[in-house]
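Worksheet: the structure to be examined is printed underneath.
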Amino acid sequence: MKGKELLEKAIKMDQHDELASFRDEFYIREKQIYLDGNSLGLLSKRAEKETIKALNSWKEYGIDGWTEGDNPWFTLSESLGEKSAPLIGAYKDEVIVTGSITTNLHQMIASFYHPDDSKNEILADELNFPSDLYAIQSQLELKGYDPQVYLKKIPSEDNQTILLDRIKSSISEKTALILLPSVLYRSGQLLPIKEIVEYAHQFSAVVGFDLAHSIGAVPHNLHKWNVDFAVWCNYKYVNSGPGGTGGLFVHQRHHGKMPGLKGWFGSAKDKQFDMEHSFSPAADAGAYQIGTPHILSSAPLIGSLSIFEEAGIHRLRKKSLQQTDYLLQLIDTLLADHHFKIVTPLKHTERGGHIALEHSAAASICKALKDQMIIPDFRSPNLIRLAPAPLYTTFEELFYSMLELEKIMETKAYEQYQNSRNIIA
Ligand SMILES: *Cc1c(COP(=O)(O)O)cnc(C)c1O
């Protein structure tokens, strides 16, 4: 297929896109093509409205905002948990909106890692996100286990993906806890969550997932798949804004236990203000909250989740796959001569929401794209991530962004930029 036919294909796909109307709900800079919704999703008008409403509740009610207004703050984390549940395939009492990925991981590991002489290893993968590994390291240290010895990392054959067989062969009777990403943040590989959990449970290992790069992009069935716990942020595909409050999932079969890190907002709601010195945890996932919820960082999520409820995660996934398929076709056609290596798995069942390209000049190419109002995402040392957000990216935008990239490569315009990362990359 040539350039003109590819453009016609894009126009046709946009015309038949049943989710097209959601684009108008987002603030998109004029002439900009935003392909970085996997790092920070864009602001929607609904998220903006809910944030202003939260400020107005504070203005109007003062302290009584905890119980008054449309979204009383005292139960906001629980009600947002309920609204998040369909995105991850959970019961409402299994989900709470709280913390950030890293703080929630600290809580989950503190709660689920109970090492003894024979079962004490934590298993992650060698491509895992640094902050997740830092949390594991400190939790091991707190329990007196040297991370150099007790943190095992599943090796990657190609430095981009992790094979299921490798995961399986790394699990043993010594494995106490496993933490893996649902979608790898660099390559975009989607791991077979159900198979991993089934296998790991034969060894009585607790299995948790970091859903940072799958929530809002890929449907999940965490309850049915028997996942023990999960954590995520909402500022990526879920568009809840910078520092937006994250979330966690704890499977019902673990409810009623004492959380590893106690805090008064994890109390049973009716007991919290008894101010007793002995802690009575909530009977559900709410028990894993720690301090006062970040209301102003949670408010945008009220608006965001109402968009997801209307759009439906299965329709979003369908469009996301069509968009990444189309992007792959554009890359194959327009960029064949320019030494890009696609590192994202091609099978739908193994792919998250973004496409990752390796190139030795990746940093300078990203800078050149940004100067042309196309916003990709760079990961050191040589990776370009391109994320179509099915709520607001059009097929035509994908066409023009790759056409621009072709031009940048043909004219070697990228060579005018330093091939090194900026502070935020
Ligand atoms: C984005 C991301 C994080 C960020 O963690 P925060 O605590 O929310 O800052 C952690 N892990 C992964 C895999 C991520 O993609």
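For reference, positions follow the sequence shown, starting with 1. For ligands, and for the atoms within them, numbers begin at 1 and follow the listed sequence.
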_Out of all atoms in ligand 1, which are within 4.0 Å of some heavy atom of Y235? Include the element for each._
1 (C), 4 (C), 5 (O), 6 (P), 8 (O), 9 (O)

_Under a 4.0 Å threshold between the charged nitrogen and the carboxylate oxygen, would D17 count as salt-bridged to K319?_
yes

*What are the atoms of ligand 1, with element, lying closer than 4.0 Å to any heavy atom of D132?*
10 (C), 11 (N), 12 (C)

_Proximal atoms of ligand 1 relative to T102 (non-hydrogen, under 4.0 Å)_ = 5 (O), 6 (P), 7 (O)

_Ion pair check, R166 and E157, cut-off under 4.0 Å_ = yes

_With a 4.0 Å cut-off on N to O distance, would you call R253 and D228 a salt bridge?_
yes

*Considering only heavy atoms, does S131 approach ligand 1 within less than 4.0 Å through its side chain, its backbone, both, or neither?*
neither

*In terms of side-chain heavy atoms, does Q289 have a donor or acceptor partner in E78 at a distance below 3.5 Å?*
yes

*asked:* Show me which atoms of ligand 1 lie under 4.0 Å from any heavy atom of H213.
replied: 15 (O)

*To which protein heavy atom is atom 15 (O) of ligand 1 closest, and what is the distance rounded to 0.1 Å?*
K236 NZ, 2.5 Å

_Closer than 4.0 angstrom, basic N to acidic O: yes or no for K53 and E50?_
yes

